[in-house]
Every structure is written in structure tokens, then in C-alpha cells.
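Single-structure report; data block below.
When reading the values below, keep in mind they use all heavy atoms of this one structure, side chains included, and skip hydrogens, waters and symmetry mates.
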Amino acid sequence: MGQTLLGNDQVAKKLNQIRTLMELAGEPFYKFMAYERAASAIENAGPLKELIAADELVKLPGIGKSIAATIMELCERGQCGLLEELSQRFPPTIFEVLGVSGIGIKTAGTLFEQFGIASLADLEHAVESGMLAGLPRMGKKSVENIKRGILAYKGRQNRTPLGAALRIARDVLAYLKDGPPTDRLTYAGSLRRAEVTVGDIDIVCTSDQAAAVIDYFVRWKRAQAVLAEGPTKASIWLEGGLQIDLRVLPDAVYGNLLQHFTGSREHNIQLREYAVRKGLRVSENGILELETGRSITCRTEEEVYAAIDMQYIPPELRSGIGEIDVARARSLPALIERDDIRGDFHMHSTWSDGRDTLETMIASAAALGYEYHSISEHSWGRGPKYGMNPEQVRAQRAKVHEYGEKLSIRTLCSSEVDILPDGSMDYSDSVLAEFDIVIGSIHSALNQTRDELTKRLIRACENPYVNIIGHPTGRYDTFNGYEFDYDAVFAAAARTGTALEIDGQEGRLDLPAPLARRAKEFGVTFTTDSDAHAAAQLANLDLAVSQARRAGLTKEQVLNTRTFDEVKMFVERKRRRTA
DNA sequence: GCCGTTTTCGGCCCGACTGTTTTCAGTCG
């Protein structure tokens with residue numbers, strides 16, 4: 001097969017477009033909702049091309065024959081008849097109108113039918129000309145709302161990366177802690193599920209002074225607008241359009257509240273559907289026994305899952321792709337924890353493109369309590385500014401050992417060596433043999449064909465001195481990464497005893513969780529690394545662990561949870577086997 | 001459109017807030 005025309009994210013986006021246009025066209029509720037559910041499943045599924053090849057599409061929850069056919073058509077043609085048909089009726093710019101906060105399907109439909117408003121520009125004209133005022137339920141405030149929505153739409157940035165969102169969440173939590181008394185206070189939503197990007201920030205709080213907490217929240221100096229303010233709930237916008245929602249309830253329902261607002265939407269729908277079959281109605285206010293009318297309140301999330309008779313599901317697994325069934329069977333894996341980590345294999349100092357000195361990096365790794373870590377500068381193919389030649393590598397080795405001993409941490413000599421376009425490495429085997437452990441990464445010729453990249457990565461795995469493939473897909477922020485035959489490379493990594501990295505650098509988070517979940521099925525070993533380019537970025541290892549958890553990994557599957565001797569054995573075994 | 005420990009039909013999660021209303025539709029998460 002050649003290149004796929006659309007990847008998971010693009011197919012999911014098109015399914016969501018179908019969903020919206022179907023609703024506009026007046027299709028039945030559960031028909032268009034099926035497309036929304038399918039989109040969510042595709043976002044969280046393994047690579048589409050591999051799923052289609054294995055005929056596994058209909059195994060995904062919410063995807064039957066009809067939608068599977070649509071997905072295959074999208075993958076093959078980059079387009080499908082259903083969407084083309086719907087697009088005849090509504091121009092693509094209608095999504096601009098729907099993107100304006102406060103305008104939903106009903107309003108957009110009315111505006112389109114009555115005034116032909118089909119784009120943001122049309123909407124602006126209509127607002128300025130005052131023609132909206134005649135519509136039912138369209139008073140002064142509603143028009144003002146739309147005006148504000150238009151401004152927000154224009155100034156809005158894309159989804160916020162996980163790392164940046166966590167910093168903002170910590171800021172607002174710190175602010176709230178200084179306000180009226182609260183019992184428990186934390187972030188929930190996609191942030192707690194550790195999604196790679198988040199659309200908004202959800203804060204949950206318990207307090208017996210809800211009104212005072214809400215009032216304090218909306219007066220935060222970083223709030224640019226207050227979107228909603230009720231007795232238990234408020235929403236604000238920050239500069240750039242990031243929305244923060246706060247919900248305040250009594251402490252007796254903290255478990256229900258946290259479970260509800262952690263989501264995901266799809267997870268909660270499935271959980272509640274299952275609960276209904278057991279005669280229970282689940283919401284943030286508690287669990288209602290329909291037969292007796294008795295309400296069960298839960299102080300912890302564990303109590304919520306226990307009340308529905310299933311195993312506790314960690315937030316990172318709540319994506320609605322089958323975890324409910326596994327939890328009912330009590331077969332969820334014991335996920336890796338941050339405390340399981342004994343070291344970090346991937347970091348840079350000023351010897352290559354890092355910002356902190358070698359000694360600072362080693363001291364900082366020691367301060368984190370690691371048993372071991374490795375310094376992994378770039379190889380010389382990165383150029384004289386960022387890469388190191390073999391003489392510099394040897395000069396650094398003496399320093400690495402000196403500082404490591406001084407700071408009482410086992411510091412391994414490593415390198416992040418470029419995998420060249422033909423799959424050979426940027427250092428000769430004799431130079432590679434001098435390192436304690438080697439990361440191989442692709443940084444160049446990203447535009448090779450799928451076939452070339454597959455061969456390149458497999459050849460790197462087959463090199464006896466390459467122990468870890470760094471940031472395997474090359475994804476960065478909005479770049480989805482170069483495409484290769486994932487299954488073939490995962491199989492090669494497992495066969496050769498080569499670990500695949502889950503890189504925790506903000507913007508990378510690579511391998512992405514759905515691919516790591518796929519790789520796990522091949523028996524691959526993983527590493528969770530910071531890829532720190534400054535001492536403060538060593539904390540990015542936390543992000544890597546969160547992605548490993550989303551992939552359902554246990555500590556046994558992650559190399560840097562093992563002891564120093566076990567890591568050395570992992571390296572030696574490959575050298576003996578393949579040298 | 002999908003799904004099944006009521007399995008090929010008849011269901012399909014739950015609630016808060018807003019604005020324009022005198023009881024609720026629309027939006028959002």
C-alpha cells in the first residue's frame with residue numbers, strides 16, 4: 001500500500017463535520033450522535049492504516065459496517081460521498097459560525113435559512129446591520145453575546161499543549177487557595193487525563209461557601225471575561241480565549257464531582273449507560289438508586305466505581321475505547337507510577353544544544369533522587385554548533401564520570417545519534433561501542449517515503465549498539481510526524497531488543513499514547529525520558545510517564561524503572577545477540 | 001447508526017446556566 005491520504009486525526013475531524021452537518025440537515029439525534037462517538041473512537045484508536053489492513057475497524061466501539069465503510073473511503077480517497085453530499089447543502093464556512101461561542105446548531109440553522117448567513121463575515125455584517133433583532137429569543141443580550149463570541153473566535157488560539165495548560169492550572173489553583181475556605185481543590189478534565197492538548201481547563205472544588213468561592217474566582221485579574229456565573233458553577237476566559245470552568249459542590253460528593261468532570265464525555269456516557277442497566281443514575285451530584293430513590297454520595301472516585309461494581313479506572317484510561325468492559329472484568333493493568341522511575345536516559349547540556357552546563361544537569365538529576373541517568377548529546381551530523389565529534393565525546397566522558405562520582409549518581413555516557421537517511425548511524429560502530437547506552441533518532445530527511453522511513457528505522461533497530469529509538473514518529477506540536485509502517489517497526493524493535501522512547505519534551509510527547517498501546521501488543525520495551533535541554537525540563541519526565549499511563553503500560557514494560565544492573569544487562573544482551 | 005448477561009428491535013447519560021420568558025428552549029460540557 002502507498003501513503004494513506006488521511007490519518008486518524010483528520011478522519012476524526014471529518015466524522016465530526018459529518019455529525020454537525022447531519023444535525024443541521026435535521027437527521028435524527030441518535031444517527032448523528034453515532035458519528036460523534038465514532039470520531040472519538042478513531043482519535044483514540046491505533047493507526048488506521050494498520051487497523052484497516054487487519055480488518056479490525058468494526059472491533060472499535062461505536063463503529064459498525066456503515067461508518068466503517070465511510071472511514072475506509074475517507075482513508076482511500078481523502079473524501080467521502082456522504083460528506084460531499086452534505087457539503088452541497090451547507091458551505092464549509094458554516095463551521096466558522098458554529099465556532100462562535102453561544103451559537104449552536106439551532107441558531108446557526110435559522111441564520112443560514114432565513115438570512116443566508118454562512119460565514120463569520122456574514123455573521124459580522126448581520127450583527128452590525130441589526131437584522132438579528134427580529135428573530136425569536138434574540139434580545140439585546142443575545143446579540144451582545146454573539147458580538148463577544150465573534151471577538152473571541154478571532155483572537156482564539158488553538159488547543160493548549162498539556163505542559164502549558166498545567167502551568168495555568170497550577171496558577172489558578174494557587175489563586176483559589178488564597179481565597180475563601182475550600183476543602184478539596186484540583187484540576188480535572190482532559191488535563192487530568194493527560195491529553196496531549198486541552199481545549200479548556202476544568203477545576204473542581206468542594207466547599208461549604210460555594211457562592212464566595214465563585215465570586216472570588218470570577219474576580220481573578222487574569223479573567224478577561226466572565227461567561228457564566230451561577231450558584232455552583234462559573235466560567236471565565238483568559239487572554240487568548242482559553243476557558244476555565246469551576247464547579248463547587250459540598251465535600252460529601254467530591255468523588256462524584258471529580259469523576260464527572262474528569263470525563264471523558266464518551267467514558268461518562270458509557271459508564272452511565274451501564275449504570276442505568278443496573279438501575280443507577282450517575283451524575284456529579286451522586287448516584288441515585290432508581291428503585292429505592294436512595295442517593296449514594298461518594299467522597300472518593302474509588303467509591304464511585306465500586307458503587308457501579310467495577311474496578312477503579314485511572315483518569316488516563318478514561319477515553320471510552322473499551323476500558324469500561326475491562327474494568328467490569330477487573331482486568332485493568334497496574335499502570336506505571338512516577339515513583340517507579342529510577343532514571344532518565346535523555347538529556348542535553350551546553351556541550352550540544354542544551355542551555356545548562358554538564359555539571360548543572362548532573363547535579364539536577366541527582367537532586368531528583370535518580371539512581372542513574374545518561375547524558376545524551378547530539379552526534380556530529382547535527383553540525384558543529386550542536387553536534388559533537390568523537391574527540392569531544394571522549395573529552396566529555398572524563399568529565400561525566402568526574403561529576404557523577406562527585407555528585408553520587410551513576411551517570412551513563414550516551415549519545416542521541418542521528419539515524420542517517422539510509423538507516424546507518426552517524427557514528428561508526430567502534431565509536432558507538434564506547435557508549436554505555438545509545439539513542440538513535442531521526443532529525444533529517446523527514447520527507448522520505450513511507451517505505452524508505454520504515455526501512456531506515458528497522459535498520460537502526462538492527463544495529464547492535466542502538467538501544468533506544470528516540471521520539472520515534474518525529475511529531476512536534478501541529479506536525480503529525482513522518483509516516484512509516486508502524487507494525488513493521490514495532491515488530492523489529494521487539495525482535496531486536498530495542499526500546500522505543502516516550503519522549504516527554506513539551507510539544508513532542510512521542511510516541512503518542514495510541515501508538516504506544518499498539519507497540520505494546522508486539523512486546524516492545526519502552527523508555528520514558530525528559531529530553532531535557534535545561535535542568536528545569538527534567539520535570540518533563542512526568543509528562544512522559546503520563547503518556548505511558550495513557551498507553552496502559554506497566555512498570556515492567558518500561559526500561560528506566562529497572563535497576564542499574566538490569567539496564568546494563570538490557571544493553572549487553574543486544575550487543576551479544578546481534579554483534 | 002450502533003448494540004446485545006432483556007441480542008436483529010427498541011432503546012440510546014445527565015445536569016447547570018442564560019436569556020427571554022411566565023415555563024422553557026438553546027447552549028455547553
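In this structure A:Lys31 satisfies the salt bridge (Lys or Arg N to Asp or Glu O under 4.0 Å) test together with A:Glu27, sequence neighbours excluded. Applying the ring-ring contact (aromatic ring centres under 6.0 Å, His included) criterion to A:Phe261, with sequence neighbours excluded, gives no partner residue.
Residue A:Arg277 is out of contact with every strand shown, counting any heavy-atom pair closer than 4.0 Å. Across all strands shown, A:Gln243 has heavy atoms under 4.0 Å from sugar-phosphate atoms exclusively, and none from any base. Counting non-hydrogen atoms under 4.0 angstrom, A:Tyr35 reaches the backbone sugars and phosphates but no base. The residue A:Lys140 sits close only to the backbone: its heavy atoms come under 4.0 Å of sugar-phosphate atoms, none of a base. If you check every strand for non-hydrogen atoms under 4.0 Å, A:Glu284 touches sugar and phosphate atoms only. A:Ser101 comes within 4.0 angstrom of sugar-phosphate atoms only, judged by non-hydrogen atoms across all strands, and of no base. When heavy atoms are screened at a 4.0 angstrom cut-off, A:Leu271 is found touching no nucleic acid atom at all. Within the nucleic acid shown, A:Ile269 comes within 4.0 Å of at least one base atom, counting heavy atoms only. A:Pro231 comes within contact range of the sugar-phosphate backbone alone, with a heavy-atom separation under 4.0 Å but no base atom that close.
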Give every donor-acceptor pair under 3.5 Å between a side-chain atom in residues 61-73 of chain A and any protein atom, sequence neighbours left out.
unit_1  : atom_1 : unit_2  : atom_2 : d
A:Thr70 : OG1    : A:Ser66 : O      : 3.3
A:Glu73 : OE2    : A:Arg77 : NH1    : 2.5
A:Glu73 : OE2    : A:Gly81 : N      : 3.0

Which donor-acceptor pairs under 3.5 Å do the side chains of residues 137-152 of chain A make with protein atoms, sequence neighbours left out?
unit_1   : atom_1 : unit_2   : atom_2 : d
A:Asn145 : OD1    : A:Arg148 : NH2    : 2.9
A:Arg148 : NH1    : A:Val226 : O      : 3.3

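A:Glu266 and A:Asn268 form no side-chain donor-acceptor contact under 3.5 Å, judged by distance and modelled atom types alone. No donor-acceptor contact under 3.5 angstrom links the side chains of A:Glu84 and A:Ser87, judged on distance only. When only modelled atom types and interatomic distance are considered, A:Gln259 and A:Tyr305 share a side-chain donor-acceptor pair under 3.5 Å.
B:dC3 and B:dC13 have their C1' atoms separated by 16 Å, with the value rounded to a whole Å. Rounded to whole Å, the P atom of B:dT21 lies 24 Å from the corresponding atom of B:dA16. Look at the P atom in both B:dT23 and B:dG29: the space between them is 29 Å, to the nearest Å. With P as the reference atom, B:dG15 and B:dT5 are 25 Å apart, rounded to whole Å. One P atom belongs to B:dG11, the other to B:dT6, and the distance between them is 16 Å to the nearest Å. Taking atom P in both B:dC12 and B:dT7, one finds a spacing of 16 Å when rounded to whole Å. Taking the P atom of each, B:dG26 and B:dT20 are spaced 14 Å apart, rounded to whole Å. B:dC17 and B:dG10 have their P atoms separated by 39 Å, given to the nearest Å.
Judged by closest nucleotide on DNA chain B, A:Ser66 is the one of A:Ser66 and A:Gly139 placed further toward the 5' end. Heavy-atom nearest nucleotides on DNA chain B were determined for A:Ala228 and for A:Phe32, and the one closer to the 5' end corresponds to A:Phe32.
A heavy atom closer than 4.0 Å to some atom of DNA chain B occurs in A:Arg137, these being the qualifying members of residues 125-137 of chain A.
Nucleotides of DNA chain B with any atom under 4.0 Å from a heavy atom of chain A span, from 5' to 3', B:dG1 to B:dG29.
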Full working for salt bridge (charged side-chain N to carboxylate O under 4.0 Å, His left out) between A:Asp251 and A:Arg184: CA-CA 7 Å; A:Asp251 199 52; A:Arg184 283 178 283 183; 3.1 Å; yes

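When both pairing distances are held under 3.5 Å, B:dT8 makes no Watson-Crick or G-U pair with any nucleotide shown.
For CG of A:Asn158, the number of neighbouring non-hydrogen atoms (other residues, nucleotides, ligands) closer than 6.0 Å is 12 at most.
Proximity of the aromatic rings of A:Phe90 and A:Phe95 is defined here by a centroid distance below 6.0 angstrom, and this criterion is not met.
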